[in-house]
Amino acid sequence: MPEPTTRLALTTTQQHGPRTHTCGELRPESVGADVVLKGWVDTRRNLGGLVFADLRDRYGLTQIVFAEEVSAEAYAIAEKLRGEDVVSITGTVRERENKNHTLPTGLIEVFVADIEVLNTAEPLPFMVSAHEERQQNTSEDLRLKYRYLDLRRPALQQNILLRHRLYQATRRYMDTQDFVEVETPILMKSTPEGARDYLVPSRVHPGKFYALPQSPQTYKQLLMIAGLDRYFQIVKCFRDEDLRADRQPEFTQIDVEMTFATEELIYEMVEGLMASIWKDTRGIEIGTPFPRMPHAEAIRRFGSDKPDLRFGMELVDVSETLHGSGFRVFDSTFESGGAVVAIRVEGQGDLGRGKLDKLTKQIVLKRIGAPGLFYVKLPADGSDFTASVKEEVLPRSFVQKVIEATGAKAGDLVLMLAGPQPKVFEQMGTLRLHMANETGLIPGGNDGPWKFLWVTEFPLFEYDEEDGRFYATHHPFTSPEPEDLPLLENDPGAARARAYDLVLNGAEIGGGSIRIHQRDVQSQMFRHLGIGEAEAEERFGFLLNAFRYGAPPHGGIALGLDRLVMLLTGASSLRDVIAFPKTQSATEPMSNTPDVVNDEQLEELHIRTVVSEGDDA
RNA sequence: GGUUCGGUAGUUCAGUUUGGUUAGAACGCCGGCCUGUCACGCCGGAGGUCGCGGGUUCAAGUCCCGUCCGAACCGCCA
């Protein structure tokens, strides 16, 4: 390690007093004024006898000028300034000789009379400068290790600032709607249903554990039973599952619950909230109400429970069309109750054989897991179509009918998958997204369009083949559709839930339901989920008990705050909208978290680890 | 748990296909010149555990095996 810098003497007694302006503030109206600015040295340009520097803070950049004839002392210091030194300057605002119209402060500059070096910076592990052109694509783990430097970059600060505005917009709106912000416990009881819990051992109760909340679900219901009427909270939630670009182990929800709620009341409230958020964070007016689509329709038309409505390419069920084709693959699909689903990819009718083979091998077989891909190419020059299946195997008349069913024109490509329902629809939904990405139908950035959608009428249960039992699609406190109550006994898989998801541009940004508020319905629900009476009592007895004493109907929703910020900022990773995020393996490289603890701590907590030394460093 | 991509100077990368002289470039850093730059410019210089371990070979950044770290995705995420 080199010796600490002696490049510049640091100021010990600060003489300049408080700053008069931020680095983003000065305009030509201030020309002639004496000002005090403080900030980080961004870039500097030494012309010999004249030094320009950009001074940076959260608010912007201001060019400061050191001229030998104005102050020889200040100039001598300026010659030695380096990036990220922290300085205070006094000086006079002047109109620039050469104006910079790309900066808000670009019409003026400050001639420095005096400079105090508040702190120096050693050579940096990566570039921090505000000039995007200078910023290299620094690797994620280095950025996370020096997160305080990463966060100094204006691009990341903008995300954090937008996140702040989103908090404020949310609190303002919820307050005007009579919602009460209530904090719920972080240390709570473990509920094994759902995701894995993060556990916290109890010192005073040997062998017992708290869990960090996956969501404050039961608490917010109890607040409704308590008569708070309307609750919200911007709250951290924890799920110990593997990470993705849009998934962190700790994340933030806007959690909401209302007494006497109906779906309509929830939709209206959330639409108002979204409109406020978009207005206050981006100045964008979004249209309300949002369109709605039943879950079954979303699967049928888009192969997804979170359809991206920014483009078409809807799924076409061509099963009827292909009945009696004599093609063995299709026939056996139909015999076992399956379907053949097609999409029309515009303008890809001349895709080469190599690219289609690659699509089949790498995407369809490997990623989507479908057994094969069928395609029909319609050349742009209007010449005859080519099918991936020979005429002797699948007669041309059937191919022609598929072309008609999908509305394909010259220059289009028709893709088909065959398989069991509803799986084949979901596979085609994945292929639809892939093709949309490939053909540039999905706009990047954060300029919209903003395609909100309520997905409604979710199935109450999902059957798990492996476990041979039903699981709650949403969660076990979700109310069934009253008219589907009779189905619970005979055909639970067909029962619909009073649950809804809010989807934006193909991302699930929230989900909720009208809850069960009657004890016998809740008990019935637990029974169908294979949770026995004793177990239900042990795990959720407090809630069932609460239902005895006048529990009002209620319902709510939880919105993923991090994902909202991600969409509003156009960030490609959740890590870019969280101040101190975790890596894909749930570590935090700056502070080296998680880490071992000493034996005394473990003993106090009555914990013995079974990890042998070297299992994990 | 699995698949794929990546790891070379402080940083971002090239070099790996086809093993062979002293491992290059840009930015940053150090020294010098330069009074209107704004990613200033010009001249010079320093800087490398080619992630780590093992193997093949006369010879490995390059080929093979293992391993660690990061990322994207699958499983998982009521």
Side-chain angles (χ1 to χ4, degrees), chain A residues 2 5 7 42-54 61-70 75 79-80 82-84 94 96-103 105-106 109 111 121-146 149 191-197 214-215 217 237-249 251 362-363 366-369 430 434 458 460-462 464 466 470-478 497 499 508 511 513 525 529 531 558 560 572-573 575 583-585 587 589 614 616-617:
Chain A
T5 179
R7 174 160 53 82
D42 194 74
T43 52
R44 63 238 118 77
R45 298 170 286 279
N46 187 349
L47 275 63
L50 190 67
V51 173
F52 296 95
D54 292 334
L61 286 179
T62 299
Q63 174 162 287
I64 57 179
V65 190
F66 300 84
E68 214 163 5
E69 62 266 23
V70 175
Y75 173 76
E79 276 204 307
K80 294 184 176 170
R82 291 295 175 267
E84 302 311 305
R94 304 258 180 96
R96 285 206 201 182
E97 275 180 38
N98 302 321
K99 300 191 172 42
N100 183 341
H101 295 280
T102 62
L103 275 183
T105 62
E109 62 196 357
F111 264 71
E122 290 179 21
L124 298 154
F126 56 85
M127 312 251 182
V128 174
S129 167
H131 296 281
E132 277 174 42
E133 302 89 344
R134 294 187 85 109
Q135 288 186 21
Q136 303 179 345
N137 198 10
T138 310
S139 71
E140 288 263 353
D141 54 336
L142 198 72
R143 287 175 48 198
L144 290 179
K145 187 169 177 190
Y146 297 93
L149 293 180
T191 52
E193 193 92 0
R196 267 187 292 272
D197 281 326
Q214 294 178 28
S215 90
Q217 184 59 35
C237 301
F238 307 84
R239 291 178 191 174
D240 187 4
E241 297 293 347
D242 288 346
L243 278 61
R244 290 286 186 281
D246 62 350
R247 231 159 63 194
Q248 284 271 309
F251 58 98
Q362 291 185 359
I363 306 302
K366 202 159 183 181
R367 214 174 95 201
I368 298 177
T430 307
H434 176 80
F458 274 78
L460 187 62
F461 299 111
E462 275 169 342
D464 187 299
E466 235 166 82
F470 283 105
Y471 282 93
T473 304
H474 188 56
H475 59 52
F477 315 109
T478 297
E508 181 198 329
S513 64
M525 188 72 181
L529 290 170
I531 303 172
S572 55
S573 163
R575 291 182 296 278
T583 65
Q584 198 165 57
S585 55
T587 65
D616 193 3

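Here is the naming used below: chain letters follow the sequence lines, and residue numbers restart at 1 for every chain.
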Engineer: Classify the nucleic acid contact of Asn46(A) as base, sugar-phosphate or nothing, counting any heavy atom under 4.0 Å across all strands shown.
Structural biologist: base
Engineer: Going by modelled atom types, is there a donor-acceptor pair between the base of U35(B) and the side chain of Glu69(A) at under 3.5 Å?
Structural biologist: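 Looking at the base of U35(B), it does pair with a donor or acceptor on the side chain of Glu69(A) (distance under 3.5 Å).
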Engineer: In whole angstroms, how far is the C1' atom of U37(B) from the CZ atom of Phe111(A)?
Structural biologist: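 That distance rounds to 11 Å.
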Engineer: Using salt bridge (charged side-chain N to carboxylate O under 4.0 Å, His left out) as the criterion, list what pairs up with Arg45(A), not counting sequence neighbours.
Structural biologist: Asp54(A)
Engineer: Using a cut-off of 4.0 Å between protein heavy atoms and nucleotide atoms, how would you tag nucleotides 73-78 of chain B 5' to 3' with B, S and -?
Structural biologist: SBBBBB
Engineer: Name the nucleic acid region contacted by Thr102(A), choosing base, sugar-phosphate or nothing; use a 4.0 angstrom heavy-atom cut-off, strictly under.
Structural biologist: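 The residue Thr102(A) makes no contact with any strand.
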Engineer: Using a cutoff of under 3.5 Å, can you pull out all pairs of nitrogen or oxygen atoms linking the protein to nucleotides 9-14 of chain B, with atom names and distances?
Structural biologist:
residue: G10(B); atom: O2'; partner: Pro125(A); partner atom: O; Å: 3.3
residue: U11(B); atom: O4'; partner: Pro125(A); partner atom: O; Å: 3.3
residue: U11(B); atom: O2'; partner: Gln136(A); partner atom: OE1; Å: 3.0
residue: U11(B); atom: O2; partner: Gln136(A); partner atom: OE1; Å: 3.0
residue: U12(B); atom: OP1; partner: Ser139(A); partner atom: N; Å: 2.9
residue: U12(B); atom: O4'; partner: Gln136(A); partner atom: OE1; Å: 2.8

Engineer: Check if the side chain of Arg82(A) and the base of C30(B) share a donor-acceptor pair of N or O atoms closer than 3.5 Å.
Structural biologist: no
Engineer: What distance, rounded to whole Å, do you find between the two P atoms, one in C27(B) and one in C38(B)?
Structural biologist: 14 Å
Engineer: Within the structure shown, what part of the strands sits under 4.0 Å from Glu109(A) by heavy-atom distance: base, sugar-phosphate, or nothing?
Structural biologist: base
Engineer: NA contact type, Arg143(A), heavy-atom cut-off 4.0 Å: base, sugar-phosphate, or nothing?
Structural biologist: nothing
Engineer: Describe the nucleic acid contact of Thr105(A) in one word from base, sugar-phosphate, nothing, applying a heavy-atom distance below 4.0 Å.
Structural biologist: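 If one applies the 4.0 Å heavy-atom cut-off, Thr105(A) turns out to touch nothing in the nucleic acid.
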